[in-house]
Amino acid sequence: MSNHISLTRYLVEQQRVDGSIPAQLRLLIEVVARACKSISHAVNKGALGGVLGPAHSENVQGEIQKKLDIIANEVLIEANEWGGHLAAMASEEMEDIYIVPNRYPQGEYLLLFDPLDGSSNIDVNVSIGTIFSVLRKPEGHDVAEGDFLQAGSQQVAAGYCVYGPQTTLVLTVGHGVAVFTLDREQGSFVLTQEHLQVPEETQEFAINMSNMRHWDVPTRRYIDECLQGRDGPRGKNFNMRWVASMVADVHRILTRGGVFMYPWDQREPNKPGKLRLMYEANPMSWLIEQAGGAATNGHQRILDIVPTQLHQRVSVVLGSKSEVEQVRRYYAEAANMP
Ligand code: AHG
Ligand code: MN
Ligand code: MN
């Protein structure tokens with residue numbers, strides 16, 4: 001007998017303790033985890049499974065889709081449509097929402113996902129992931145796209161799975177953050193860490209430095225001061241990491257602290273940022289907050305933003321609380337400049 005706690009057991013016990021995981025939500029999380037297991041297998045096969053390379057199509061954001069973007073999207077839809085726990089789904093890879101077909105019962109939840117995060121890393125064998133967010137469907141009418149437009153603070157579950165040296169599922173249902181590692185022999189996710197906390201003491205930042213010349217003043221000021229190291233106002237040296245998979249960068253920050261930034265920049269001034277609010281920034285921001293960190297767009301807590309569009313973008317600063325607060329202060333100071 002092993003005393004390993006499986007994802008199923010964790011969810012059942014969590015429900016007993018605080019009643020936060022009704023049966024439909026538990027089923028939903030388990031189905032998403034099962035889908036992530038399939039995606040992990042496909043990722044692992046790589047060239048042997050014929051899953052690498054472009055798919056010769058574009059998504060709604062005008063990005064070239066990779067084969068794995070489409071495979072992961074299909075796996076998540078097929079796994080989730082028949083269980084009776086969902087009313088509809090929304091994905092980075094689909095322009096419109098996907099309503100659960102009539103032949104299946106409709107449930108009370110809405111699921112949003114970035115099926116494959118870090119697509120530019122697929123073909124070079126670097127960590128990638130899946131991000132998901134769960135909302136409750138408002139009652140009293142047939143599901144429609146407007147039902148998804150809820151602030152991130154309304155999420156009832158959120159998480160990501162990172163396909164790296166290990167396949168790891170990181171989850172919150174609003175009572176802290178738990179980490180599960182895929183046991184490939186058993187085929188199950190096993191609890192490997194609970195009550196995760198973002199370390200406060202940090203000397204690491206994550207930003208795509210090649211965009212420096214396009215940044216706004218507060219971002220430039222914050223990074224400049226980090227780069228000055230011990231000789232500058234921060235009085236300590238900083239290190240930089242940029243995986244270019246948000247899942248991998250956020251996972252590192254959850255593990256050893258730091259700050260992640262994908263700010264607005266001047267390349268496309270009318271776009272608030274690169275990352276998508278509803279299935280990238282919101283779930284990651286909730287996880288980070290649940291682990292004692294903070295997340296802002298520079299002006300507002302990300303979880304307070306009320307979306308107006310399914311695929312809307314947002315500027316993102318998240319991670320260790322004091323660093324995020326410092327960036328937020330620089331935005332406030334810049335706004336008050338004459
Ligand atoms: P996706 O692969 O889902 O489109 O997301 C990629 C995102 C995010 O994961 C990462 O932080 C960022 O794009 C990397 O952007 P750059 O290539 O501009 O650094
Ligand atoms: Mn992504
Ligand atoms: Mn993606």
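For the numbers below, each heavy atom of this structure counts, side chains included, while hydrogens, waters and symmetry mates do not. For ligands, and for the atoms within them, numbers begin at 1 and follow the listed sequence. No experiment lies behind these values; they were computed from the predicted model shown.
- Of all protein atoms, those of element N, O or S that lie under 2.8 Å from the Mn ion (ligand 3) number 3.
- A chain of hydrophobic side-chain contacts below 4.5 Å, direct or via other Ile, Leu, Val, Met, Phe, Trp or Tyr residues, connects Val177 to Ile131.
- Ion pair Glu30/Arg26 flagged as a salt bridge, since at least one NZ, NE, NH1 or NH2 atom sits closer than 4.0 Å to an Asp/Glu carboxylate oxygen.
- Cluster annotation: Trp286 and Ile253 are assigned to distinct hydrophobic clusters (Ile/Leu/Val/Met/Phe/Trp/Tyr, side-chain heavy-atom contacts under 4.5 Å, transitive).
- Electrostatic pairing of Glu200 and Lys321 does not count as a salt bridge here, judged by no charged N lying under 4.0 Å from a carboxylate O.
- Test Asn73, Val60, Asp114 against Ser91 for side-chain contact (heavy atoms from CB on, under 4.5 Å) and you get one pass: Asn73.
- For ligand 1, the protein residues placed under 4.0 Å by at least one non-hydrogen atom are Glu63, Glu92, Asp114, Leu116, Asp117, Gly118, Ser119, Asn208, Trp242, Ala244, Ser245, Met246, Phe260, Tyr262, Lys274, Leu275, Arg276, Glu280.
- Side-chain atoms of Gln24 come within 3.5 Å of backbone N or O of Glu108 as a donor-acceptor pair.
- A side-chain contact (heavy atoms from CB on, under 4.5 Å) with Phe180 is found for one member of Thr167, Leu171, Val170, Thr168 and no other, namely Leu171.
- One N or O on the side chain of Asp69 and one on the backbone of Lys66 form a donor-acceptor pair closer than 3.5 Å.
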Item to complete: Show your reasoning for whether side chain to side chain contact (heavy atoms under 4.5 Å, CB included) applies to Asp265 and Asp216.
Response: CA-CA 6 Å; Asp265 70 42; Asp216 55 20; over 6 Å; no
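- Taking a cutoff of 4.0 Å between a charged side-chain nitrogen and a carboxylate oxygen, Glu63 and Arg276 qualify as a salt bridge.
- Distances from the Mn ion (ligand 2) to each N, O or S atom of Glu280 single out OE2 as the nearest.
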